[in-house]
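Numbered from 1 within each chain, the chains take letters A, B, ... in sequence-line order. Basis for what follows: all heavy atoms, side chains included, without hydrogens, waters or symmetry-related copies.
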Protein chains: 2
Amino acid sequence: MTEPTSETSGHNNSGTAGTGSGYKPAMSAAPHILVVDDHREIRDLVSRALSRDGYRVSTAADGRAMRKALVDSRIDLVLLDLMLPGEDGLSLCRALRAESNIPVIMLTAKGDEVDRVIGLEMGADDYVAKPFGSRELIARIRAVLRRSGEAPASAHGERPKHYRFDRWALDTGARELLRDDGVTVPLSTGEYDLLIAFAERPQRVLSREQLLDLARGRSAAAFDRSIDTQVSRLRKKLERDPGEPKIIKTVWGGGYMFTPAVEHK
Amino acid sequence: MTEPTSETSGHNNSGTAGTGSGYKPAMSAAPHILVVDDHREIRDLVSRALSRDGYRVSTAADGRAMRKALVDSRIDLVLLDLMLPGEDGLSLCRALRAESNIPVIMLTAKGDEVDRVIGLEMGADDYVAKPFGSRELIARIRAVLRRSGEAPASAHGERPKHYRFDRWALDTGARELLRDDGVTVPLSTGEYDLLIAFAERPQRVLSREQLLDLARGRSAAAFDRSIDTQVSRLRKKLERDPGEPKIIKTVWGGGYMFTPAVEHK
DNA sequence: CGGTTCAGTCACAGTTTGTCACAAAATGGC
DNA sequence: GCCATTTTGTGACAAACTGTGACTGAACCG
């Protein structure tokens, strides 16, 4: 496979211009859409259309790539081809549904009503028949995104979870960070989101761009140092000696790595 | 956003009128109507007609979306298509009836008298056959809303419920907030409504707009800070240390989150 | 060892939020 | 209806949060 199966394209709007239609400045960032289709032409086509409209786009050619993209970044919506080699779209959709509530729009070549019914029963949020126009697709996407919570940031959120690492306990239900000795250390929203992104992917190098996507749901600007600052702030609260961090290690030229073993309940 | 698929639209300039003459009770805000139909054209059509008439409108394409809308916002009336893929309208209607008394108007393509009878038996409050004119639809809606309690705000209210969280007990029957030690803490109507909205959706980030809809049944104005003030007041009564709230947490740039586990009896 | 690039952190500015005081509105009693 | 009381929303200002620029130090390269 020489071909990049899961890259991001599309730029983040810088506020005023850019975004195809949104005159709502409140939206913190463009939604991140994952296109899963085995035909490259379709991926490229859809990908271009969506980025043109201001969305951030990643692509995947099969189920495995899809899963990887879902772990590596914070996806707001999945465009899923019904017919895929290996696992087909329906089972992927069902699996996706089973463990998250990321909205899914099904794509299919056939216009069968049957497929549509099956798709919706499998938990797809909408259904678009190929060939489709980009205007229609975008309208559907916008509709589904709006319907499914309006707040793309919390699209992941579901059952409260509980993480333990080092001498810390992180409770997503209470949104609290608790130290061994019983003291609750207050975290700002940004610090909390960043810590969750880390705790869910321990012992892996995470690039700044990835962290920005995972924690803030946006893509990096030219010289974006905001993650560094946030890591610095987080270290000050987490580390015994922020000058020599043990928990969040720096990977020179690569990003950061959350090193402790995480007990994930 | 040319296409209002599931946002609220339509303003009500309630304001001054109010006084005296009325069969119309001081309606605080426009009723919020949920349109459930799998055909987009119908959703759009109906949606436009209703917003033009001043209603706030959300839409859903299937049962799942309907349920989501019902949890996410305070719906005053449901327009429900009889024929839906997956679960059909009748079972949805019955389910809806089972756990709330939100009025339902059934839509159906066929003019069968049979359907009508079944629909009404299932608990629908009225029945409109497609194709229908918007004038007729709106007349029916107004009639049903008036009939069903006249006060859209209390459309949800049904069996008294009992919530327990942290060291508090909230009794919707008595409309009282009781602390562990037996002391009853008086809440104003607004504080009470807001607390109910929170207690029914624990461990979820709720935007200010959503809270405004859930607790006050209206949509947000430009720089509406009333929710912040109300949260502040509520915190002063609920929290041990209002300066460092544990129960209602702030999500910077996102809204608020009610963190304690809620025992819901 | 010197130059270059990358990372840590501080200070600052732009936003967002907390909260007080006050006015408008609703409520209740007469 | 009229006035006292309570409640709710608004404006204003302080505090908190986040991202950016600047400066400094550390890591890499030859």
For this session: Could you go through the side chain to side chain contact (heavy atoms under 4.5 Å, CB included) check for Arg208(B) and Asp224(B) one step at a time?
Result: CA-CA 9 Å; Arg208(B) 288 175 174 72; Asp224(B) 206 321; over 6 Å; no
Exercise. Would you call Lys161(A) and Asp171(A) a salt bridge, taking side-chain N to carboxylate O under 4.0 Å as the test?
Worked result: no
Problem set entry | Residues Arg201(B), Asp72(B): salt bridge by 4.0 Å N-O rule | no
Problem set entry | side chain to side chain contact (heavy atoms under 4.5 Å, CB included) evaluation trace for Leu34(A) with Met66(A) | CA-CA 8 Å; Leu34(A) 177 62; Met66(A) 178 186 98; 3.8 Å; yes
Exercise. At how many degrees, to 10°, do the end axes of the helix from dC1(C)-dG30(D) to dC30(C)-dG1(D) meet when each uses five pairs?
Worked result: 30°
Problem set entry | Within residues 178-212 of chain B or reaching into it, pairs that qualify as ring pair (Phe, Tyr, Trp, His ring centres under 6.0 Å) - sequence neighbours excluded | Phe198(B)-Phe258(B)
For this session: Tell me, please, which residues at least two apart from Arg179(B) pass side chain to side chain donor-acceptor pair (under 3.5 Å).
Result: Asp181(B)
Problem set entry | Exercise: do Ser58(B) and His32(B) side chains pair donor with acceptor under 3.5 Å | yes
Seminar exercise, completed: On DNA chain D, more 5' by nearest nucleotide between Ala221(B) and Leu187(B) is Leu187(B)
Problem set entry | Electrostatic pair Lys68(B)-Asp125(A), nearest N-O below 4.0 angstrom | no
Exercise. Any Lys/Arg nitrogen of Arg216(A) or Asp193(A) sitting under 4.0 Å from an Asp/Glu carboxylate oxygen of the other?
Worked result: no
For this session: Give a yes or no on whether a salt bridge exists between Arg233(B) and Asp228(B), defined as a side-chain N under 4.0 angstrom from a carboxylate O.
Result: no
Exercise. Below 4.0 angstrom, N of the basic side chain to O of the carboxylate: do Glu239(A) and Lys246(A) qualify?
Worked result: no
Exercise. What one-letter contact string describes nucleotides 5-18 of chain C from 5' to 3', where B marks a base within less than 4.0 Å of any protein heavy atom, S marks contact via sugar-phosphate atoms alone, and - marks no contact?
Worked result: BSBBBS----BSBB
Exercise. Which of residues 169-178 of chain B have a heavy atom under 4.0 Å from DNA chain C?
Worked result: none
For this session: Determine whether the side chains of Thr250(B) and Arg235(B) contain a donor N or O and an acceptor N or O closer than 3.5 Å.
Result: yes
Exercise. 5' to 3' on DNA chain D, which nucleotides open and close the contacts with chain B (atom under 4.0 Å from a heavy atom)?
Worked result: dT7(D) to dT18(D)
